[in-house]
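Note sheet for the following structure.
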Amino acid sequence: MTHHPEDYSKPELMACCGAREIADGDVVIVGTGFPTMSANIAKYTHAPQAVLMQESGVYDARPKRPALSVGDPCLNPGAAMIGGLVDVMGMFLQAGWVDVGFLSGSQVDKYGNINTTVIGSYEKPKSRLPGSGGANPIGSLARKVLIIALHDTKRLAKRVDFITTPGYIDGPGARERCGLPAGTGPAAIITNKAVMKFDPDTREAYLATYHPGTTVEEIISLTPWDLKIADDVHETETPREEELRALREILDPFRMINIYEGRGYV
Amino acid sequence: MNKVMTTEEAVKTYIHDGDFLFIGGYICRTPFAVIHEIIRQRKKDLTITRSNAADDFDMMIGAGTVSRFIGTFLSLGLYGLGRCYRRSMEQGIPQKIEVEEYTNLSLPMMLLAGSLGMPFIPVKDMAGTDLLKVRAFMGDNKFKLIDSPFDGSPSVLVPALNPDVAIVHVQQADESGNAQIWGIGGDCKVGANAAKTVIVSCERIVSREVIGKDPSRTIIPDFKVCAVVEEPFGAHPGYTPGFYDVDFSFGSFYQKASDTVDGFHAFLDEWVYGRKDRKEYIQHYIEQFGYSAFDKLKAEFDYGYPVSYSY
């Protein structure tokens, strides 16, 4: 029988939620933090043939410590291939070979659109953010996009201030109409409270599972749109023993995941 | 042809106010020695480009050398948002720079087009987003939307970029400029080859014979290069594979310094204006943080092994 230990943190639960969205053999493009942890949990448990790459040009790295950036030198030794941005973002991602990508952002809306450009107006920003980087191409071109977000009414928005990265834009068919490849787009928003998935008809995010310690009512109150609830809504499966072992013993012995608690992922 | 010179000479001779620069280095191999010299010589009105910019571009913007930025991203990574970049965009300090925003797919593709001598290239990203609603100094030439003449599908066309000068830091180069890298490439190869000329900064100058022992590593042929400068630790506080690691504590030091305008200027005075060249910078680093901190940055292991090109 599957064993679910009692002691786990919210970031660990979120990393496991991400891992469970990855299938064996998937080609996964990852950034640092949650994406790396999720992809590696999947690789060490149910998806040993999943392969990871970083947009900087690295394919199938075997780092001896968790990478602190997508260009961390620990990604170099032992990788199967190292090229550059045109290789990974062009020949692999744009050409349609990437199955799963992970994204986060300062604002996420009900269609899974992401803002990493500006809070307030573009011309006179309240807060100027980093910009797209690799987010837009990953959100535009990966088959399945998993979004990591803090669950509050500031981060989740009815409508983001600026669409840096497309989700389903303004509803069904919008991606295809503007030329994005069919069969791509956000699959889930994984927050510190819940997992939301996207309705295939309306393309809006709805509540699929809620994490232990919260309620459907609380999640509705923290979500700024009229959140639909899945008929079979239920509690999120807590981390399995083998998932936690992969994370704690193999992937993250220095417990770098704890920084997410400091950033409010509790 | 021997193109070896000092960084001071290379910047004085080949970089002019108003130039358009590609500055290589995707987290690794950032040409910091040359960047400091550009700031030191108080170059003005530069346009700068590269995918994923960090403390390097933040510093150039804060120092007032930059007017325009063709970018995708600017952040201090682990240390959060770029402070000088934010002050420029939010408060106009020291000036509000103009930004043309692309992505880590579209910008390298624009450099690829430039390196291939093509006027534009189609990309599959940016469609449907606000990135296509904002334009700055490039105006209508930021992008064009067309229906593909082949299958009618909506397509985004982006223009080729051909910078006046590319500045790249590499592991090794010969005296005439054949430049070799290993490890993460970022957009260095396309950026350098898109430019009209290249300043190569390197960890070590080697002979043409050494270059010929592993020619697959060469990303820039010497005919494209105008200057070769030897700057050991030239990418500090970033890293160069095989030579040294990222200096995380210096990253934190820069973040704290650049939190305020005064702190940033004190940083520039101490580490850039107050140091004649890279050698003095390294000496100052050792005085400030100790030789053991400096020594700890050096790469410990050689994971590489020589390949055979025999036949």
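What's counted below: heavy atoms across the whole structure, side chains too, no hydrogens, waters or symmetry copies. All of these numbers come straight from a predicted model, not from anything done at the bench. We name chains A, B, ... by the order of the sequence lines, and we start the count at 1 in each one.
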State, yes or no, whether a side-chain contact exists between [X] and [Y] at a heavy-atom distance under 4.5 Å.
| X | Y | result |
| --- | --- | --- |
| A/Asn76 | B/Trp182 | no |
| A/Ser132 | B/Asn104 | no |
| A/Val70 | B/Ile27 | yes |
| A/Met89 | B/Pro108 | no |
| B/Met109 | A/Gln94 | yes |

Review point. With a 4.0 Å cut-off, would you call B/Arg135 and A/Glu123 a salt bridge?
Key: no
Exercise for review: With A/Ser56 as reference, evaluate B/Ile184, B/Asp187, B/Asn52 under the side chain to side chain contact (heavy atoms under 4.5 Å, CB included) test and give the passing residue.
Suggested key: B/Ile184
Under a 4.5 Å heavy-atom cutoff, which of [options] has the most pairs with chain B?
| options | answer |
| --- | --- |
| A/Pro125, A/Gly57, A/Ala135, A/Gly139 | A/Pro125 |
| A/Gly133, A/Ser140, A/Gly120 | A/Gly133 |
| A/Ile82, A/Asn136, A/Ile169 | A/Asn136 |

Practice item. Against chain A, label B/Leu131 side chain, backbone, both or neither, depending on which of its atoms sit under 4.5 Å from a heavy atom there. Key: both
Check your understanding: Of the backbone (N, CA, C, O) and the side chain (C-beta and beyond), which part of B/Phe248 lies under 4.5 Å from a heavy atom of chain A, both, or neither?
Key -> side chain
Practice item. Please name the pair of heavy atoms, one in A/Arg177 and one in B/Pro154, separated by the smallest distance, quoted to 0.1 Å. Key: O-CG, 3.6 Å
Practice item. Could you tell me the separation between the OH atom of B/Tyr239 and the OG atom of A/Ser69, rounded to the nearest 0.5 Å? Key: 6.5 Å
